[in-house]
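All remarks here apply to the structure that follows.
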Protein chains: 2
Amino acid sequence: MRERGFNGFSYANVAAELGVTSATVHYHFPAKAELGEALITRDTERFADALATIHAGAPGTQAKLAAFAGLYADRLNARGVCLCAVLVAEYETLSEPMRRAIDRLFTDSEEWLATVLQQGREDGSLCFEASPRDVAGTIIGGLLGAMLLARSNDDVNRFRSAASLLLATVAG
Amino acid sequence: MRERGFNGFSYANVAAELGVTSATVHYHFPAKAELGEALITRDTERFADALATIHAGAPGTQAKLAAFAGLYADRLNARGVCLCAVLVAEYETLSEPMRRAIDRLFTDSEEWLATVLQQGREDGSLCFEASPRDVAGTIIGGLLGAMLLARSNDDVNRFRSAASLLLATVAG
DNA sequence: GTCTATAGGCAGATAGAC
DNA sequence: GTCTATCTGCCTATAGAC
């Protein structure tokens with residue numbers, strides 16, 4: 001799904017990669033939209049766990065932001081990008097449950113990021129004028145776009161470069 | 001294609017919207033990849049024309065940048081985003097000619113934007129530290145991501161807000 | 001240029017044996 | 001839980017009449 005999008009893969013593809021038949025995949029996920037939903041939910045949980053770890057572990061807001069961008073970098077390689085980046089592009093073709101799952105993934109990350117931004121501005125480690133919410137949305141959107149461009153250019157450095165420029169806009 | 005992506009629409013969809021049969025669409029575009037390529041090429045030409053107009057008409061670099069972002073806003077409504085945003089997400093599933101056409105669309109806009117940025121920095125109307133190329137890529141990626149998020153949130157203001165924040169990062 | 005008709009394939013999905 | 005076999009439907013694409 002991260003590689004070819006929701007409309008770009010089939011049960012047969014998944015089955016072949018697992019070395020089973022497509023009927024087997026249907027046994028676990030009767031409908032394709034359920035499979036898609038489950039994948040988003042799993043990623044949402046993993047992402048939330050990672051955010052909690054960052055919150056507990058990373059020393060300052062700057063480090064937190066870098067670690068946040070790192071989560072996206074982890075999901076980027078030569079073929080695949082993060083789930084949200086592919087799926088939001090296919091948004092109009094997806095089932096309501098899948099849309100809601102994607103929305104949740106975005107609002108969760110945006111809220112987390114907005115909170116960190118606000119704290120950073122209060123303790124003086126960050127500096128920006130717009131609302132934390134707007135800045136968070138801009139940064140997340142920037143990371144998504146950068147991932148997609150990095151893949152089509154087959155150059156992960158494009159992502160790193162964009163991520164550091166985006167984070168620099170709020171540096172104190 | 002802007003609404004549902006390349007893998008999300010069919011000849012039947014296009015035919016129905018035009019009030020013809022799918023055979024008629026095949027007469028003009030025998031293969032689907034050719035149809036996709038033609039649509040990208042057409043958009044590339046329109047985009048290039050618009051960029052030339054901006055270059056000739058917009059008074060200063062700040063105005064040029066705002067007009068550039070406006071081109072993306074023109075391509076955003078409640079259901080559709082710009083071609084590049086949808087297609088780059090499906091990149092792995094597309095034909096080589098389609099990929100090349102998308103790459104061209106990106107490099108064209110990035111070059112134009114990088115040139116404006118450089119001129120702005122030289123005449124003092126803009127201010128940024130990284131290379132014009134990197135900044136251009138970051139802004140374009142940011143606009144793409146913002147378009148996708150604006151659509152899924154059904155809120156065009158999210159795009160406007162992100163666009164103005166992105167452009168503010170290079171304001172003199 | 002547009003139509004009807006249809007080919008051939010693959011998609012998502014199910015039934016039933018093991 | 002996994003398999004083989006199969007259904008149904010839509011997909012891309014083509015042939016040939018008008």
Where at least one partner belongs to residues 57-74 of chain A, residue pairs that pass side chain to side chain donor-acceptor pair (under 3.5 Å), sequence neighbours excluded: A:Thr61-A:Ser125
All pairs passing side chain to side chain donor-acceptor pair (under 3.5 Å) where residues 141-157 of chain B contributes a residue, at least two apart: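 Found none.
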Results of side-chain contact (heavy atoms from CB on, under 4.5 Å) for A:Thr53 - residues two or more places apart only: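 Applying side-chain contact (heavy atoms from CB on, under 4.5 Å) to A:Thr53 gives none.
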Salt bridge flag under 4.0 Å for residues A:Glu92 and B:Arg2: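 No, no charged N to carboxylate O under 4.0 Å.
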Pair B:Glu3 + B:Arg79, salt bridge at N-O below 4.0 Å: yes
Test: B:Lys32 cationic atom under 6.0 Å from B:Tyr11 six-membered ring centre, within 45° of axis: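 Verdict for B:Tyr11: no cation-pi partner in B:Lys32.
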Protein proximity profile, nucleotides 8-14 of chain C - base contact B, sugar-phosphate-only contact S, no contact -, cut-off 4.0 Å on heavy atoms: ---SSBB
Partner residues of A:Ser164 under the side-chain hydrogen bond (donor to acceptor under 3.5 Å, both in side chains) criterion, sequence neighbours left out: none
Nucleotide range of DNA chain D lying under 4.0 Å from chain B heavy atoms: D:dC11 to D:dT14
